[in-house]
Q: 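The structure is given below, and queries will be raised subsequently.
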Amino acid sequence: MSLQVKFAVRENVLVVRLEGELDHHEATNLRESWQKELNNNGVEHVIVNLQKLSFMDSSGLGVMLGRYKEVQAKGNEMVLCSISPEVRRLFDMSGMFKIMKLVDDEASALEMLGVASCEMK
Amino acid sequence: MSLQVKFAVRENVLVVRLEGELDHHEATNLRESWQKELNNNGVEHVIVNLQKLSFMDSSGLGVMLGRYKEVQAKGNEMVLCSISPEVRRLFDMSGMFKIMKLVDDEASALEMLGVASCEMK
Amino acid sequence: MRNEMTLEFTSISENESLARVSVAAFVSQLNPTMEELTDIKTVVSEAVTNAIIHGYEEQKDEKVLLTCAIDDGEIEIIIQDRGQGIENIDIAKEPLYTSKPEWERSGMGFTIMENFMDRVDITSEPGVGTTIRMTKQLTSTRALCN
Amino acid sequence: MRNEMTLEFTSISENESLARVSVAAFVSQLNPTMEELTDIKTVVSEAVTNAIIHGYEEQKDEKVLLTCAIDDGEIEIIIQDRGQGIENIDIAKEPLYTSKPEWERSGMGFTIMENFMDRVDITSEPGVGTTIRMTKQLTSTRALCN
Ligand SMILES: Nc1ncnc2c1ncn2[C@@H]1O[C@H](COP(=O)(O)OP(=O)(O)O)[C@@H](O)[C@H]1O
Ligand SMILES: Nc1ncnc2c1ncn2[C@@H]1O[C@H](COP(=O)(O)OP(=O)(O)O)[C@@H](O)[C@H]1O
């Protein structure tokens with residue numbers, strides 16, 4: 001029921017794949033590990049893959065908004081993809097898509113950020 | 001989390017496939033529908049397929065033992081198959097396999113009961 | 001028929017998922033839609049999180065009390081803390097308002113509760129604690145009443 | 001660190017799964033093995049079922065009380081009813097003994113509790129009620145203590 005987080009780097013893009021449930025308890029750890037990844041690796045843009053995220057509440061929104069602001073402050077982009085209907089309800093209700101971009105899948109997100117869309121490791 | 005029960009008849013054998021969790025709440029319904037099936041269809045022997053049963057407690061043992069006695073009283077056989085490790089613990093502990101036969105899968109159970117082992121509908 | 005559960009637990013963030021899972025298991029007796037179940041898990045998570053971080057300011061030896069009752073397809077959820085209470089409820093309810101921006105709170109908790117439930121009542125007294133009472137009629141049963 | 005939950009619910013069989021699911025969600029913080037988790041769900045199911053069918057004889061407006069505490073990998077589960085109580089605990093504990101054979105009870109409830117837990121204490125008074133207290137040390141944490 002807890003949260004699994006996987007990071008991958010593709011050229012200058014950090015891909016964050018979330019799996020499980022993102023609540024206040026998980027938010028603190030996620031924030032820390034995510035910030036660490038953003039400071040490494042010469043990463044610029046971010047893709048958040050929500051495909052396997054089955055639950056999220058407003059503590060999750062806080063983490064997303066926090067990272068979005070950091071990325072945007074450096075003139076870079078953050079794109080969400082592969083959202084499930086469960087999690088989409090919260091994003092719709094809270095108007096998050098007026099701020100962040102949402103695309104269907106990782107391939108589209110990579111393309112949007114100018115990364116050649118071949119196989120991802 | 002509740003129990004799904006599927007019955008199938010193959011020659012003179014009633015196949016009972018259980019899916020989900022079998023506790024006291026579910027046991028009463030299961031008992032009734034199972035007894036109805038035993039009285040129909042010219043059924044003699046019984047195979048209980050436990051493959052998708054994820055939980056069972058002693059109320060479930062009661063239902064199994066009850067049907068076993070009814071089947072045995074008519075000189076027929078009841079065979080269990082495809083038990084999961086979770087449910088096996090309870091059966092092992094309570095010595096059920098000293099009474100009932102357990103085989104690996106439905107095909108073996110059908111063979112044991114003398115039904116030709118072709119495709120099941 | 002009325003069915004009721006009361007869950008009391010230590011005020012630590014590990015128990016946020018316990019609260020969601022228990023309420024979800026309880027209300028699933030009413031066969032809610034997937035959307036309704038998600039809404040209910042979300043509002044429970046919001047109110048319990050608030051009790052832990054705002055009510056008790058992360059003191060780990062307090063208790064959160066959760067009551068859930070179902071009666072003819074109506075769900076009532078009450079979440080209570082005996083923490084520091086809310087000075088001004090009208091301000092607290094405003095979308096995006098948070099007293100803890102440094103913790104990356106989004107200030108959307110109450111807005112989400114009010115959107116996902118039919119009714120939300122907040123009772124709070126500084127120094128005494130906060131009680132959130134929420135109700136929701138499930139659509140499946142609402143249709144049956146017509 | 002100690003963590004505690006108390007769950008009180010109406011004495012109807014629909015709530016047997018609620019009790020299992022809540023305790024499972026709570027103890028999963030300790031990372032139990034699959035076997036340990038199955039054992040715990042099973043004993044909770046046994047004791048709660050007994051409270052509902054034996055303690056309250058299926059009266060649907062009573063309450064079952066469940067407490068679960070975890071402390072350094074030791075799990076304590078207490079299940080209580082204010083029902084009719086047990087006349088003779090030694091007889092009740094015997095494998096295969098049941099006072100309700102006509103309901104297809106297997107008489108294995110207490111035997112399962114004693115096998116799957118480290119310790120089971122039964123306190124009961126006719127006309128007052130029954131309390132089952134069970135403890136179990138998880139192997140993962142037991143290994144750490146050596
Ligand atoms: N249980 C509570 N006890 C004390 N204060 C609370 C409680 N719940 C909410 N509040 C106050 O109301 C504000 C708004 O809550 P909410 O909309 O959930 O946003 P957030 O939790 O993101 O701050 C909180 O920042 C806090 O000041
Ligand atoms: N909570 C309880 N209240 C009253 N009697 C109980 C309670 N729990 C158990 N008993 C008595 O102990 C007997 C044995 O219990 P158990 O081993 O669980 O078997 P079973 O539930 O299959 O009868 C029951 O048949 C009942 O007479």
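So that the names make sense, note that chain A is the first sequence line, chain B the second, and so on, each numbered from 1.
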Q: Apply the test salt bridge (charged side-chain N to carboxylate O under 4.0 Å, His left out) to residues D:K41 and B:E86: give CA-CA distance (whole Å), side-chain angles for both, the deciding distance (0.1 Å), then the verdict.
A: CA-CA 11 Å; D:K41 285 173 69 174; B:E86 294 97 306; over 6 Å; no
Q: Counting neighbours of NZ on D:K100 that are heavy atoms of other residues, nucleotides or ligands and sit closer than 6.0 Å, is the number greater than 12?
A: yes
Q: So for atom CZ, which belongs to D:R119, do other residues, nucleotides or ligands contribute more than 12 heavy atoms lying within a distance under 6.0 Å?
A: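 12 or below, so no.
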Q: With respect to chain D, which residue among B:D57, B:T28, B:V63 yields the maximal number of heavy-atom pairs within a distance under 4.5 Å?
A: B:D57
Q: Which heavy atom of B:G62 sits nearest a heavy atom of D:S106, and at what distance?
A: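 That closest heavy-atom pairing would be N-CB, 4.0 Å.
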Q: To check you understand the geometry: which heavy-atom pair defines the closest contact between B:D23 and D:S17, and what is its length?
A: OD2-N, 4.1 Å
Q: Between B:H24 and D:E16, do the side chains contain a donor N or O and an acceptor N or O under 3.5 Å apart?
A: yes
Q: Under a 4.0 Å N-O cut-off, is there an ion pair linking D:E104 with B:R67?
A: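 Between B:R67 and D:E104 there is a salt bridge, with a charged N closer than 4.0 Å to a carboxylate O.
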Q: Side-chain contact, heavy-atom cut-off 4.5 Å: B:M93 with D:T111?
A: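 Side chain of B:M93 against side chain of D:T111, heavy atoms only: contact under 4.5 Å found.
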Q: With a 4.5 angstrom heavy-atom cut-off, is it the side chain or the backbone of D:L96 that approaches chain B, or both, or neither?
A: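 Contact with chain B involves no heavy atom of D:L96 at all.
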Q: Under 3.5 Å, is there a donor on one side chain and an acceptor on the other for D:E46 and B:S58?
A: yes
Q: Side chain, backbone, both or neither: which part of B:M56 has a heavy atom under 4.5 Å from chain D?
A: backbone
